[in-house]
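Data first, discussion second: the structure below is written as structure tokens.
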Amino acid sequence: MRDFETKVQELKHDVLREVSRLAWEDRLAAGILSVPEQLIPGPNASMRCCIYKERAIIGDRIKLAMGGDPMVPGIVEVIPTACDECPVTEMAVGPSCRGCIATRCVHACPKDAITVVNHRAQIDNTKCIVCGKCLSACPYGAITKNLRPCERGCPAGAISMGPDKKASIDDSKCISCGTCVYTCPFGAIMDKSWIVSAIKLLKSGERVYAQLAPSVAGQFGATLGQLAAGLKQLGFYGVEETALGADLTAHVEAGELEEKGLLASSCCPAFVDYVHKFHPKEAAMVSETPSPMVMAARRIKEREPGVKVIFIGPCVAKKGEFQLEKTGGAVDCVLTFEELAALFEARGIEVDQLKADPLDHASGYGRSFARSGGVSAAVAEALKERNSEFKVKAVPCSGIAECKVALLKAGKGMLDGNFIEGMACEGGCIAGAACLIRSPKNKAEVEKHAKEAAGRTIEEAIK
């Protein structure tokens with residue numbers, strides 16, 4: 001039994017584990033209805049008002065663990081039964097209100113929702129449209145806007161309160177970064193899972209390769225070699241490092257940067273989606289070089305035609321990327337570290353107890369793609385290795401807020417650099433929404449993992 005950061009993560013793990021176990025045993029149809037009662041035995045509720053509501057939420061989580069609602073286009077879905085505990089987003093008057101004579105808040109409100117009673121402003125939330133004009137008008141900063149954690153955390157502003165007072169995701173704005181999945185304290189938002197599809201592939205008799213993202217360092221308390229051994233016990237034919245795909249991406253992207261002179265990286269699908277949705281004029285800047293996930297998968301399939309590839313990483317957005325037409329079916333399925341942990345437990349595999357199976361293909365530069373700044377360093381190294389005189393002036397962007405600033409500057413011709421490294425997650429993939437452990441130590445683990453490549457160059461790794 002592993003330790004979890006939150007009860008929400010533990011609950012998600014339990015559901016994924018039980019769905020996996022039933023899928024392995026070909027008992028999904030017969031056994032799935034008993035899972036809610038199995039996980040919530042009662043008689044007393046521990047998280048909600050009653051065990052019946054807790055079981056209903058487990059039922060909704062099971063649907064998402066089995067692929068979610070096909071009518072919902074996005075990768076993340078709101079669980080309506082779970083989304084009813086947070087305070088409704090609203091404007092509120094705090095203790096700093098002085099009941100001033102100017103009453104700027106009253107005059108700023110377009111809906112006449114503010115009145116002054118006994119020398120204190122009051123907001124009628126039945127009239128308020130949460131426009132925030134009173135907030136900026138108050139000279140004392142006495143008015144605050146209370147946001148739900150999912151709204152506050154969403155870097156794309158894709159989440160709002162629906163007519164039923166529950167969270168609503170605007171898929172035209174959502175970039176599938178998964179921040180809302182991690183930040184919702186009630187676990188009311190979850191990413192769709194392809195774990196059942198992965199199990200079907202592993203049981204099909206076909207040769208299936210696992211492709212491990214470099215941010216796996218430190219996630220399972222095991223070495224890369226032990227993870228490779230564990231994956232083979234799950235039924236994978238072979239295991240490859242996505243970091244080798246990162247080496248390939250750096251090699252090709254370096255040439256593209258040299259040719260174009262100004263470029264934005266393409267390795268983070270959430271960043272690429274953000275650019276297309278919010279900065280379409282700058283979309284031409286995004287590199288045409290495939291991401292490391294796609295590069296590594298193509299290399300595997302070129303070497304061994306007919307095999308299947310399952311990518312495993314910390315990223316929710318990869319679940320959307322692998323289905324894009326431009327990836328050409330290079331990847332057949334995507335799993336997260338959370339889902340891999342559930343698979344291991346469902347099969348009783350303790351990876352930290354296994355004898356390591358050697359897995360050492362990539363360069364340290366490719367492995368460093370997992371952290372902010374790693375892509376830039378790899379591209380610079382790739383140019384150096386080809387004896388290019390082109391100098392990279394990188395603008396590493398850790399999180400969407402920094403990406404936005406860089407893109408706005410680029411649009412105005414004010415960017416002090418020629419290569420935007422866009423990472424939707426702050427810190428890079430080491431802080432992905434589907435990490436098992438989100439810790440400052442993750443960066444150190446990735447850097448240690450990179451050093452274990454023993455000075456191998458990008459060109460040497462590719463060859």
Side-chain angles (χ1 to χ4, degrees), residues 1-2 4 6-84 166 169 178 181 184 186-206 208 233-236 308 310 312 316 319 322-323 332-349 434 436:
M1 183 67 180
R2 65 173 300 110
F4 296 94
T6 69
K7 182 69 176 177
V8 170
Q9 192 182 38
E10 181 180 350
L11 193 64
K12 182 179 183 180
H13 173 85
D14 289 345
V15 170
L16 289 168
R17 181 197 64 228
E18 292 309 310
V19 168
S20 300
R21 183 173 291 156
L22 291 170
W24 280 114
E25 298 171 358
D26 291 321
R27 294 194 304 113
L28 262 178
I32 204 70
L33 293 178
S34 64
V35 173
E37 191 169 344
Q38 176 187 338
L39 296 181
I40 310 293
N44 298 319
S46 60
M47 296 173 284
R48 302 281 181 163
C49 58
C50 64
I51 60 171
Y52 306 107
K53 182 165 186 174
E54 290 182 358
R55 290 172 181 171
I57 293 170
I58 293 293
D60 287 337
R61 283 187 165 275
I62 289 170
K63 293 175 187 175
L64 282 159
M66 296 176 66
D69 186 348
M71 301 305 292
V72 175
I75 301 301
V76 294
E77 289 187 33
V78 175
I79 303 173
T81 49
C83 183
D84 63 355
K166 299 182 186 296
I169 299 175
V181 177
C184 176
F186 283 92
I189 305 176
M190 181 174 163
D191 50 312
K192 295 177 179 178
S193 176
W194 275 264
I195 201 167
V196 174
S197 299
I199 292 170
K200 286 180 179 177
L201 269 179
L202 291 170
K203 294 177 66 178
S204 68
E206 297 192 68
V208 183
Q233 282 197 17
L234 280 175
F236 284 96
K308 303 294 184 182
I310 296 178
I312 303 168
V316 171
K319 294 182 177 183
F322 94 94
Q323 300 178 78
D332 299 282
C333 189
V334 164
L335 293 174
T336 63
F337 293 153
E338 290 178 324
E339 290 158 346
L340 179 58
L343 282 174
F344 280 144
E345 188 169 334
R347 301 300 284 168
I349 299 171
L436 292 171

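Sequential numbering from 1 along the given sequence is applied to the chain's residues. On a predicted model such as this, the values are computed, not experimentally measured, just so you know.
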Please report the interatomic distance [atom1]([X]) to [atom2]([Y]), rounded to the nearest 0.5 Å.
X   : Y    : atom1 : atom2 : answer
E10 : L39  : CD    : CG    : 10.0 Å
D60 : T81  : CG    : OG1   : 3.5 Å
M47 : F186 : CE    : CZ    : 11.5 Å
M71 : E77  : CE    : CD    : 11.5 Å
I58 : I79  : CD1   : CD1   : 9.0 Å

Can you check side-chain contact (heavy atoms from CB on, under 4.5 Å) on K192 and K319, steps first, answer last?
CA-CA 8 Å; K192 295 177 179 178; K319 294 182 177 183; 5.7 Å; no
Shortest non-hydrogen contact from [X] to [Y]?
X    : Y    : result
V196 : A65  : CG2-O, 4.2 Å
L202 : L234 : CD1-O, 4.0 Å
L16  : A342 : CB-CB, 3.6 Å
P36  : I62  : CD-CD1, 3.9 Å
L28  : V19  : CD2-O, 3.9 Å
L343 : S20  : CD2-OG, 3.8 Å

May I have the step-by-step check of side-chain contact (heavy atoms from CB on, under 4.5 Å) for L22 and V35, ending in yes or no?
CA-CA 10 Å; L22 291 170; V35 173; 3.8 Å; yes
For H13, run the side-chain hydrogen bond (donor to acceptor under 3.5 Å, both in side chains) check against E18, E338, E345 and tell me which one passes.
E345
Between the main-chain N or O of [Y] and the side-chain N or O of [X], is there a donor-acceptor pair closer than 3.5 Å?
X    : Y    : result
E339 : T336 : yes
K63  : D69  : no
E54  : A45  : no
R61  : G187 : yes
R48  : A82  : yes

Close side-chain approach of I189 and I169, heavy atoms under 4.5 Å:
yes
Would a 4.5 Å heavy-atom cut-off, applied to side chains only, mark I40 and I51 as touching?
yes
Run the side-chain contact (heavy atoms from CB on, under 4.5 Å) test on K203 and W24 for me, step by step, so that the C-alpha distance in whole Å, both residues' side-chain angles and the decisive distance to 0.1 Å come before the verdict.
CA-CA 8 Å; K203 294 177 66 178; W24 280 114; 3.8 Å; yes
Whether W194 and F322 hold their rings parallel, tilted or perpendicular, with breakpoints at 30° and 60°
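Judged by the thresholds at 30° and 60°, the geometry between W194 and F322 is perpendicular.
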If the threshold is 4.0 Å, N to carboxylate O, is there a salt bridge linking D191 and K12?
yes
More than 12 heavy atoms of other groups within 6.0 Å of E25 CD:
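Check passes, neighbour count above 12.
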Should F4 and L11 be marked as a side-chain contact (heavy atoms from CB on, under 4.5 Å) after you check the CA-CA gap, both sets of side-chain angles, and the distance that decides it?
CA-CA 10 Å; F4 296 94; L11 193 64; over 6 Å; no
